[in-house]
Amino acid sequence: MSEGPSRLPSLLPSKCKTHEMWAAMTRSIEILVAFFEYYAQRAQLETTSISSPQAKSPASSSAGAAAGASTAAGERTPTAHNKQLQNVKGQDHPPHPSMAFLQNRSISLVDMYIDNSEPSENVGQIHFSLEYDFQNTTLILKIIQGKELPAKDLSGTSDPYVRVTLLPDKKHRLETKIKRRTLNPRWNETFYFEGFPIQKLQSRVLHLHVFDYDRFSRDDSIGEVFLPLCQVDLSEKPSFWKALKPPAKDKCGELLTSLCYHPSNSVLTLTLLKARNLKAKDINGKSDPYVKVWLQFGDKRIEKRKTAVFKCTLNPVFNDSFSFNVPWEKIRECSLDVQVMDFDNIGRNELIGRILLAGKNGSGATETKHWQDMITKPRQTIVQWHRLKPE
């Protein structure tokens, strides 16, 4: 009976060591599985000819690369809340267990964002690197520097910073510090995207958008880069020099509308017939468009209307009419702000394009003429196609 208590202390350390050994072995197996799944995914993408080798241009040493770099006093974040976003969690969209689903999702992302064409104009380059921590399922992005950026300020310089997103998630955005009065900024900032299994990253696109900070107005877009992560071998810790491309400005699509005004009862009628070639906003290469209309007097918004949402289409047929009560003496002072939007279940609805129908300060010559024709031809329905503007 006395042997029982004496053996107990000697057994406890052995039991703890065994538990620690099994925990270590389990973690090692998980890391090996992640490696195998990663390379299996890449092999599937290569067989479908979707993956293409990355062209890495070496960082050229330039005497002006560090010229005009801002001092510590001039470095500050564009918005205060971004200090809380240095680490982006990936647990809000759990990965689908089907590898085929992930592969199809990656292919749709490539079709939507890949662009091998040369930039239409030179707006500079950006240098960045990628690394993946398999043990902690964390993507590590380092934004190093930019060079030969265009001048956006009257002083002949810019105040550049980089906005980072992992598409299709646009809700979580990271931003570097602003570099004051330089066209060759050095950021050297690191961002960690935690909780992203390697399979999940295959369905993401890295979006780097360089802006010029403006204290008194909207920040100016300098250029952007889209990089589908399914095309990147993260085990090699790649580094990239990428030419920035100016954002597409005139590819929002077109909208067919009609205007009619009845002076006798002061009724202004706008009919939204259909749209064509709308800009894709979703990862499936489509959008979920609807139209929002504001009646305005000067800069004051008076009344809002909107159509139903049309799912997964770039060519919706709305056939919807809205009538507004506008006295004849005010018909030349009012305007209609027509916004084509993309509906999003998760984040904020995005603007696809807009037009301003007005007699004086319309968004273009076509919009102004359409309004004037409506006034000179009362009780007649005037139909006109309009090219949507990004802002």
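Just so you know, these numbers come straight off a predicted model, no measurement behind them. Just so it is clear, the values below take in all heavy atoms, side chains as well, and ignore hydrogens, waters and symmetry mates.
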Checklist line | Nearest-0.5 Å distance that lies between atom CG in Asn188 and atom NZ in Lys177 | finding: 11.5 Å
Item checked: Donor-acceptor pair between Asn315 and Thr313 side chains, under 3.5 angstrom -> no
Margin query: So, taking the atom named CZ in Arg204 and the one named OG1 in Thr165, what distance separates them when rounded to the nearest 0.5 Å?
Written below: 10.5 Å
Next item on the list: Quick one: closest heavy-atom pair of Ile222 and Val123, and the distance?
Entry: O-CB, 3.6 Å
Next item on the list: Give a yes or no on whether a salt bridge exists between Asp344 and Arg348, defined as a side-chain N under 4.0 angstrom from a carboxylate O.
Entry: no
Checklist line | Derivation of the side-chain hydrogen bond (donor to acceptor under 3.5 Å, both in side chains) call for Asn184 and Thr182 | finding: CA-CA 6 Å; Asn184 300 282; Thr182 177; 5.2 Å; no
Check: Can you find a pair of side-chain heavy atoms, one from Leu201 and one from Tyr132, that are under 4.5 Å apart?
Finding: yes
Next item on the list: Kindly compute the distance separating OG (Ser321) from CG (Leu273), expressed to the nearest 0.5 Å.
Entry: 7.5 Å
Next item on the list: For the pair Tyr161 and Tyr213, name the ring-plane relationship: parallel under 30°, tilted 30 to 60°, perpendicular over 60°.
Entry: perpendicular
Next item on the list: Kindly determine whether His127 and Ser239 satisfy side-chain contact (heavy atoms from CB on, under 4.5 Å), including the steps that lead there.
Entry: CA-CA 7 Å; His127 185 199; Ser239 178; 3.0 Å; yes
Next item on the list: Evaluate the criterion side-chain contact (heavy atoms from CB on, under 4.5 Å) for residue pair Ile140 and Lys142; output intermediate values, then yes/no.
Entry: CA-CA 7 Å; Ile140 304 170; Lys142 184 175 183 180; 5.8 Å; no
Margin query: Taking the side chain as everything from C-beta on, heavy atoms only, tell me whether Leu149 gets closer than 4.5 Å to Pro160.
Written below: yes
Notebook entry, point to check: Is there a side-chain contact between Leu270 and Leu259 (heavy atoms, below 4.5 Å)?
Noted result: yes
Check: Out of Thr138, Thr137, Leu166, which residue meets the side-chain contact (heavy atoms from CB on, under 4.5 Å) rule with Phe193?
Finding: Leu166
Next item on the list: Report yes or no: does Ser158 contribute a side-chain atom to a donor-acceptor pair with the main-chain N or O of Lys152 at less than 3.5 Å?
Entry: yes
Check: Side-chain contact, heavy-atom cut-off 4.5 Å: Asn265 with Asn325?
Finding: no
Notebook entry, point to check: How far does CZ of Arg305 sit from OG of Ser323, to the nearest 0.5 angstrom?
Noted result: 7.0 Å
Next item on the list: Quick one: pull up NZ in Lys377 and SG in Cys260 and give me the separation to the nearest 0.5 Å.
Entry: 12.5 Å
Notebook entry, point to check: Under 6.0 Å from the six-membered ring centre of Phe196 and within 45° of its axis: does the NZ or CZ of Lys200 meet both?
Noted result: yes
Checklist line | Hydrophobic cluster membership, Leu268 vs Ile375, 4.5 Å side-chain cutoff | finding: yes
Notebook entry, point to check: Taking only residues two or more places apart in sequence or in another chain, which ones pass side chain to side chain contact (heavy atoms under 4.5 Å, CB included) with Arg379?
Noted result: His262, Pro263
Margin query: Under 4.5 Å between side-chain heavy atoms, counting indirect links through other Ile/Leu/Val/Met/Phe/Trp/Tyr residues: same cluster for Phe297 and Ile355 or not?
Written below: yes
Checklist line | Heavy atoms of other groups near Asn319 CG, more than 12 under 6.0 Å | finding: yes
Next item on the list: Take Phe211 and Glu175, measure what side-chain contact (heavy atoms from CB on, under 4.5 Å) needs, and give me the verdict at the end.
Entry: CA-CA 10 Å; Phe211 287 90; Glu175 293 179 356; over 6 Å; no
Next item on the list: Flag yes if Leu141 and Leu174 sit in one hydrophobic cluster, no otherwise; membership is Ile, Leu, Val, Met, Phe, Trp, Tyr, and two members link when side-chain heavy atoms are under 4.5 Å apart.
Entry: yes
Item checked: Test item: Val210 and Leu208 side chains (from C-beta on) under 4.5 Å apart, heavy atoms -> no
Check: Which distance, rounded to the nearest 0.5 Å, do you find between the OG1 of Thr366 and the CD of Gln384?
Finding: 6.0 Å
Margin query: Over 60° means perpendicular and under 30° means parallel, so tell me whether His209 and His207 are parallel, tilted or perpendicular.
Written below: tilted
Next item on the list: Could you check if a side-chain atom of Met341 sits within less than 4.5 angstrom of a side-chain atom of Leu351, using non-hydrogen atoms only?
Entry: yes
Next item on the list: State, to 0.1 Å, how close Trp187 and Gln145 come at their nearest heavy-atom pair, and which atoms those are.
Entry: CZ3-C, 3.7 Å
Note to self: Ignoring hydrogens, what is the shortest heavy-atom contact between Lys360 and Thr368? Give both atom names and the distance.
What the structure shows: O-OG1, 4.3 Å
Item checked: Test item: Asp133 side-chain N/O and Leu139 main-chain N/O as donor-acceptor pair under 3.5 Å -> no
Next item on the list: Decide yes or no for Val317 and Phe310: does some side-chain heavy atom of the first lie under 4.5 Å from some side-chain heavy atom of the second?
Entry: no
Checklist line | Within 6.0 angstrom of Lys311 NZ, more than 12 heavy atoms from elsewhere | finding: yes
Next item on the list: Show your reasoning for whether side-chain contact (heavy atoms from CB on, under 4.5 Å) applies to Asp169 and Ile346.
Entry: CA-CA 9 Å; Asp169 180 14; Ile346 300 175; over 6 Å; no
Item checked: Leu229 versus Gln202, closest heavy-atom pair with distance -> O-NE2, 4.2 Å
Check: Looking at side-chain heavy atoms only, is the closest gap between Cys312 and Asp282 below 4.5 Å?
Finding: no
Checklist line | Main-chain N/O of Asp214 paired with Asp219 side-chain donor or acceptor, under 3.5 Å | finding: yes
Next item on the list: Please answer: with hydrophobic residues joined when any side-chain heavy atoms are less than 4.5 Å apart, are Trp294 and Leu357 in the same cluster?
Entry: no
Next item on the list: Give a yes or no on whether Ile352 and Trp385 share a hydrophobic cluster (residues Ile, Leu, Val, Met, Phe, Trp, Tyr; joining criterion: side-chain heavy atoms under 4.5 Å apart).
Entry: no
Checklist line | Heavy-atom closest pair, residues Gly359 and Gln372 | finding: O-NE2, 3.4 Å
Under 3.5 Å, which donor-acceptor pairs link side chains of residues 327-340 to any protein atom two or more places apart or in another chain?
| from | atom 1 | to | atom 2 | distance (Å) |
| --- | --- | --- | --- | --- |
| Ser335 | OG | Gln296 | NE2 | 3.4 |
| Asp337 | OD1 | Arg354 | NE | 3.4 |
| Asp337 | OD1 | Arg354 | NH2 | 3.3 |
| Asp337 | OD2 | Gln339 | NE2 | 3.0 |
| Asp337 | OD2 | Arg354 | NH2 | 2.6 |

Notebook entry, point to check: Can you name the residues that form a side chain to side chain contact (heavy atoms under 4.5 Å, CB included) with Thr307, not counting sequence neighbours?
Noted result: Leu272, Tyr290, Val291, Phe318, Asp320, Phe322
Checklist line | Side-chain donor/acceptor of Ser287 to backbone N/O of Lys279, under 3.5 Å | finding: yes
Margin query: Using every non-hydrogen atom in the two residues, find where Lys389 and Ser363 come nearest and quote the distance to one decimal.
Written below: CE-O, 3.6 Å
Next item on the list: Give a yes or no answer on whether the side chain of Asp159 reaches the backbone of Arg181 with a donor-acceptor pair at less than 3.5 Å.
Entry: yes
